[in-house]
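First comes the structure, then the notes that go with it.
The chains referred to below are lettered A, B, ... by the order of the sequence lines, with proteins before strands, and numbering in each begins at 1. Please read all numbers here as calculations on a predicted model, not as lab measurements.
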Amino acid sequence: MSSTEEKYPGNFIRNIIAEDVSNGKNEGQVVTRFPPEPNGYLHIGHAKAICLSFGMAEEFSGATNLRFDDTNPLKESAEFKEAIKKDIAWLGFQWKEEKNASDYFEQLYQFAERLIQENKAYVDSLSADELREHRGTLTKPGKDSPYRSRTPEENLDLFRRMRSGEFADGEHILRLKIDMASPNINMRDPAIYRIRHVIHHQTGDEWCIYPMYDYTHCLSDSLEGITHSLCDLSFEDHRPLYDWVLDQLAMNCRPQQIEFSRLNLQYTVMSKRKLKQLVEDNLVDGWDDPRLPTIAGLRRRGYTSHSIRDFCRRIGVTKSDNNVELALLQSCIREDLEDSAPRVMGVLNPIKVVIENYPEGQEEELTVANHPKIEELGSRKLIFTREAYIDREDFREEANRKYKRLVLGGEVRLRYGYVIKANEVTKDEQGEIVEIRCTYDPDTLGKNPEGRKVRGVIHWVSASKGLAAEIHVYDPLFTVDFPDADERDYHELMNPESLTIHQGFVERGLGEATLEQRFQFEREGYFCLDSKHSTADAPVFNRIVGLRDTWAKIEKAGS
RNA sequence: UGGGGUGUCGCCAAGUCGGUAAGGCACAAGGUUUUGAUCCUUGCAUGCGCAGGUUCGAGUCCUGCCACCCCAGCCA
């Protein structure tokens, strides 16, 4: 095991697979699959599953198929398929084959006829309500449908007529004949085909009966030669059914279904239903809203695929319920960007500083490093001028010793530039400071002043040489750590301040920024252009994540 | 009152044959620093849901409890 792998926890699935491989099971082959339903966008929970399934195959020199679980045409679309493919590719994974469950519709149908002929499936004509009544409850066994005793001949005739479109939606279903008294509800003669006279995005109007998940998934896995079928814990109860179907059909490829717990991340929702609701109710800016935990949202926010993969490996894979803190995800992106993002300066809440003893019209070119430690990141030129913007947070008319930024009568260094001293402020009618009038010490460029210590360094942008930019700062979409678990309506839980828009200024050089680039705005955080709203003459930056902020903690503790 | 799961530090999570509790995040305290960032150092479970038992020795085995999660779609 390499040193990079030691950083991550092992997991029980890898152990199982490793043992299978060493035992020569499946001739030592590992074939996995990722089976999304094309009814929405992928989110970070899916990323966990993707990293696992693709990761295991990669680790054991196997392969992973991408298979769209498109058995419910009512909810699915080809647009979602494309979005899903883009996200997986962006995460950095390559699937061996792209499949659709619908590719197997004909084979699935033939298998169903066989089950009927062998008296292992029957056409039921109960209504949905009656079906529910017959199913029993968690504690009470179900009872047989009166149609359960139909002969194979009768069933075959009915099933063929279902296929040919003779019946309306809901008139009949095909059920497996297992055991209505089973303590496992999934085994109480589950429905495997229903009638739906709808157009399917892949098969068009070829079918009006559609197979259901439990029946489709295991057979698709088997047909593709999947060795390890990894899914979330909610399918654990379905495993007996998965195995039952493959047993009855005597399939020679017998994939092993292994379940793991899905990811829960603080301050966000992970259910596709809720994400879809947020998008459709226009409560967010599309599926790729930077506040969403969707892959597209994280991408637009500026998260790197590397950081997401790192996160997925750090959280591990187990069967226990988990509540992962947002801090872990943030730590992953900070770690990735710390060494790769060039440093620049940007002011989010501008307030003007005028250096009165700096000659009007004078400009000085400063050559500054793009990274404090990594020389390969090069350098750039900044222009120092008489007027600059600093952040309102970096100035106080008065403050205690702990505050080491600009205070009236005190000194601070403008990062990479001179030490300035604040002499007076001018305010508007509302008492709001509009300008800070300063003087500078000409002998402090690149060196400390004689005989006194300047404790603070703040960032700035030249007023005349900077670039106006809109800067979007994000906070969690929800105010509670686990909105999914909250009984209140999600509208009540939404954070009204999840997006703050700043009209700020950035270094002129950022005018050439590309969508792929990420920067550290010094002392603020990591930023990138917003792929949706940024334009050449009106740049919009997204804050990916703030820097660790010890000062905020000190302040909070002091108040 | 049915079935299936899970319970190791605030969060995530390692923990082969029982041998005397990894690591990451977070947090705290120092040091370096023209980013209150980074980096470095140090600290952070006599304890593994609880109670018994077996054993020289148990997070790991046995018994009994308790808590939490999932399942009653012609969704996946």
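Look at OH on A:Tyr526: it is 10 Å from C1' on B:rU35, rounded to the nearest Å. Rounded to a whole Å, the CD1 atom of A:Ile13 is 11 Å from the P atom of B:rA14. Separating the CG atom of A:Asp69 from the P atom of B:rA76 is a distance of 7 Å, rounded to the nearest angstrom. When the C1' atom of B:rA72 is taken as reference, atom CG of A:Asn184 falls 11 Å away, rounded to whole Å. The CG-C1' distance, from A:Leu74 to B:rC75, rounds to 10 Å in whole Å. Taking atom NE2 of A:His371 as the reference point, atom P of B:rA37 lies 15 Å away to the nearest angstrom. Rounding to whole angstrom units, NZ of residue A:Lys48 and C1' of B:rC12 are separated by 10 Å.
A distance of about 14 Å separates the P atoms of B:rG49 and B:rA13, rounded to the whole Å. The gap from the P atom of B:rU20 to that of B:rG15 amounts to 16 Å, rounded to the nearest Å.
Among B:rA76, B:rA37, B:rC39, the nucleotide with an atom closest to any side-chain atom of A:Glu37 is B:rA76. Listed candidates were B:rG73, B:rG3, B:rU35. Nearest to the side chain of A:Met212 is B:rG73. Between B:rC74, B:rG7, B:rU35, one nucleotide has an atom nearer to the side chain of A:Ser320 than all others, and that is B:rG7. Checking B:rG36, B:rC75, B:rA76 against every side-chain atom of A:Trp551, the shortest atom distance belongs to B:rG36.
In this model, no side-chain donor or acceptor of A:Lys319 finds a partner on the base of B:rU6 within 3.5 Å. Evaluation of atom-type donor-acceptor distances gives a pair under 3.5 Å for the side chain of A:Asp237 against the base of B:rG3. For A:Glu524 against B:rU35, no side-chain N or O and base N or O form a donor-acceptor pair under 3.5 Å. Donor-acceptor pairing under 3.5 Å, judged by distance alone, is present between the side chain of A:Arg405 and the base of B:rG36.
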Next item on the list: Walk me through it: do A:Tyr213 and A:Asn72 pass the test side-chain hydrogen bond (donor to acceptor under 3.5 Å, both in side chains)?
Entry: CA-CA 9 Å; A:Tyr213 171 83; A:Asn72 186 359; over 6 Å; no

Note to self: Apply salt bridge (charged side-chain N to carboxylate O under 4.0 Å, His left out) to residues A:Arg67 and A:Glu224 and explain how you reach the verdict.
What the structure shows: CA-CA 10 Å; A:Arg67 185 174 67 237; A:Glu224 284 176 27; 3.2 Å; yes

Check: Can you check ring-ring contact (aromatic ring centres under 6.0 Å, His included) on A:His459 and A:Tyr416, steps first, answer last?
Finding: CA-CA 9 Å; A:His459 56 95; A:Tyr416 305 119; over 10 Å; no

Next item on the list: Could you check A:Asp443 against A:Lys447 for salt bridge (charged side-chain N to carboxylate O under 4.0 Å, His left out), going step by step and ending with a plain yes or no?
Entry: CA-CA 8 Å; A:Asp443 199 29; A:Lys447 59 180 169 186; 2.8 Å; yes

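A:Met345 comes within 4.0 angstrom of nothing in the nucleic acid, heavy atoms only. Nucleic acid contact for A:Lys447: base, since at least one base atom lies under 4.0 Å from a heavy atom of the residue. Within 4.0 Å of A:Thr71, counting heavy atoms only, lie sugar-phosphate atoms of the nucleic acid but no base atom. The residue A:Arg175 sits apart from the nucleic acid: no heavy atom pair falls under 4.0 Å. Nucleic acid contact for A:His459: none, since no nucleic acid atom lies under 4.0 Å from a heavy atom of the residue. Residue A:Gly456 is classed as having no contact, given no heavy-atom separation below 4.0 Å to the nucleic acid. The residue A:Asp321 sits close only to the backbone: its heavy atoms come under 4.0 Å of sugar-phosphate atoms, none of a base. Residue A:Arg314 is in sugar-phosphate contact alone, with no base atom involved, counting any heavy-atom pair closer than 4.0 Å across all strands shown. Within the nucleic acid shown, A:Val545 has no heavy atom closer than 4.0 Å to any nucleic acid atom. If you check every strand for non-hydrogen atoms under 4.0 Å, A:Gln330 touches nothing. In this structure, A:Arg188 reaches neither bases nor backbone, as no heavy-atom distance under 4.0 Å exists between it and the strands shown. Using a 4.0 Å heavy-atom cutoff across all strands shown, A:Leu126 reaches at least one base atom of the nucleic acid. Among the protein residues, A:Tyr403 comes within range of the nucleic acid bases, having at least one heavy atom under 4.0 Å from a base atom. At the heavy-atom level, A:Pro240 lies nowhere under 4.0 Å from the strands shown.
Between A:Asp339 and A:Asn322, the residue anchored closer to the 5' end of RNA chain B is A:Asn322, taking for each the nucleotide with the nearest heavy atom. Map A:Asn323 and A:Asn11 each onto its nearest nucleotide of RNA chain B; the residue landing nearer the 5' end is A:Asn323.
Of the nucleotides present, none pairs with B:rA45 by Watson-Crick or G-U wobble criteria with both distances under 3.5 Å. Across all strands shown, B:rC68 forms a Watson-Crick or G-U wobble pair, both distances under 3.5 Å, with B:rG5.
Considering A:Phe159, A:Tyr210, A:Phe167, A:Trp207 in turn, A:Phe159 is the only one that fulfils the ring pair (Phe, Tyr, Trp, His ring centres under 6.0 Å) rule with A:Tyr193. A:Asp124 pairs in a salt bridge (Lys or Arg N to Asp or Glu O under 4.0 Å) with only one of the listed residues (A:Arg188, A:Arg175, A:Arg194, A:Arg148), which is A:Arg175.
Phosphate proximity of B:rA76 to A:Arg262: absent, as no side-chain N or O sits under 4.0 Å from OP1 or OP2. For A:Arg455, no side-chain nitrogen or oxygen approaches OP1 or OP2 of B:rU35 to under 4.0 Å. Neither OP1 nor OP2 of B:rC71 sits under 4.0 Å from any side-chain N or O of A:Arg135. Considering only side-chain N and O atoms, A:Thr318 lies under 4.0 angstrom from the phosphate OP1 or OP2 of B:rA13.
Between the side chains of A:Glu411 and A:Tyr440, no donor-acceptor pair of N or O atoms lies under 3.5 Å. Of the N and O atoms on the side chains of A:Glu259 and A:Gln257, at least one donor lies less than 3.5 Å from an acceptor on the other residue.
Against the 90° criterion about 0, the sugar-base torsion of B:rC61 places it in the anti range. Base orientation at B:rG73 is syn, since its O4'-C1' glycosidic dihedral falls within 90° of 0.
For the contact set between residues 266-277 of chain A and RNA chain B, defined by any heavy atom under 4.0 Å, there are no members.
Ring pair A:Tyr418/A:Phe384 is perpendicular by interplanar angle, where above 60° counts as perpendicular and below 30° as parallel. Using bins of under 30°, 30° to 60° and over 60° for the plane-to-plane angle, the ring pair A:His238/A:Phe235 lands in the perpendicular bin.
Judged by distance alone, with hydrogens and angles left aside, the side-chain atoms of A:Asp391 form no donor-acceptor pair with the main-chain N or O of A:Val347 at under 3.5 Å. Side-chain atoms of A:Thr203 never come within 3.5 Å of backbone atoms of A:His200 as a donor-acceptor pair (strictly under, hydrogens ignored). Counting only distance, with no hydrogens or angles, the side chain of A:Asn448 and the backbone of A:Val454 share no donor-acceptor pair below 3.5 Å.
The stacking criteria are not both satisfied for A:Tyr213 over the base of B:rA76, which would need a centre-to-centre distance under 5.5 angstrom and an angle between ring planes under 30 degrees.
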N/O to N/O distances under 3.5 Å, protein versus nucleotides 26-29 of chain B:
residue	atom	partner	partner atom	Å
B:rC27	OP1	A:Lys553	NZ	2.7

